[in-house]
Amino acid sequence: TVIIVGAGPAGLFCALSLLSQSDNIKPIILERGQSVESRSKDVGALIHKYLLNTESNFCFGEGGAGTFSDGKLTTRIGRNSRAVRWVLETFVKHGATEKILME
């Protein structure tokens with residue numbers, strides 16, 4: 001069993017990477033914030049009513065801080081690196097458009 005702290009991109013891809021290496025590894029992801037569905041309500045309350053939930057907001061919760069971004073993936077390690085390519089291919093495998101592999 002491997003404990004992963006945070007269900008942001010790093011935590012989610014850590015779990016995927018571990019699962020791809022062995023059937024014997026059982027990652028457990030611990031997240032401080034809420035699921036995307038609950039978090040969306042909390043972020044809406046923050047934007048429209050100025051009510052801050054300190055445990056569920058733009059920064060904390062499933063998907064990490066980028067969940068409510070415009071969807072751009074930025075990196076400084078090079079778009080054609082093996083690691084970046086794996087991330088983009090994983091996105092496509094889970095429903096992203098194949099255009100992200102070419103743009």
Legend entry - side-chain contact (heavy atoms from CB on, under 4.5 Å) evaluation trace for Leu101 with Arg85: CA-CA 8 Å; Leu101 299 174; Arg85 185 73 184 181; 4.0 Å; yes

Inset, instruction - Check the pair Ile29, Leu12 against side-chain contact (heavy atoms from CB on, under 4.5 Å), reporting the backbone distance first and the verdict last. - result: CA-CA 8 Å; Ile29 301 175; Leu12 295 174; 3.9 Å; yes

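Val84 and Phe13 fall within the same hydrophobic cluster, defined by Ile, Leu, Val, Met, Phe, Trp and Tyr side-chain heavy atoms under 4.5 Å apart, directly or through other members. Leu88 is connected to Trp86 through a chain of hydrophobic side-chain contacts under 4.5 Å among Ile, Leu, Val, Met, Phe, Trp and Tyr, so both are in one cluster. In the hydrophobic cluster analysis, where Ile, Leu, Val, Met, Phe, Trp and Tyr join through side-chain heavy atoms closer than 4.5 angstrom, Phe60 is grouped apart from Leu51.
Arg39 CZ to Leu46 CG: the interatomic distance, rounded to the nearest 0.5 Å, is 11.5 Å. Annotation: the span from Glu98 atom CD to Glu89 atom CD amounts to 10.0 Å, rounded to 0.5 Å. Glu55 contributes atom CD, which lies 9.0 Å from atom CD of Gln34 (distance to the nearest 0.5 angstrom).
Each of Leu52, Ile47, Asp42, Thr67 was scored for a side-chain contact (heavy atoms from CB on, under 4.5 Å) with Phe58, with one residue passing: Ile47. Screening Ile4, Leu19, Val2, Val5 against Cys14 for a side-chain contact (heavy atoms from CB on, under 4.5 Å) leaves a single residue, Ile4.
When all heavy atoms of Gly63 and Pro9 are compared, the pair lying nearest together is O-CD, 3.5 Å. Shortest non-hydrogen contact noted between Thr97 and Val92 is O-CG2, 3.6 Å.
Remark: side-chain polar atoms of Ser40 are paired, donor with acceptor, to backbone N or O of Val36 under 3.5 angstrom. Judged purely by atom type and a 3.5 angstrom limit, Glu31 uses its side chain to pair as donor or acceptor with the backbone of Gly61.
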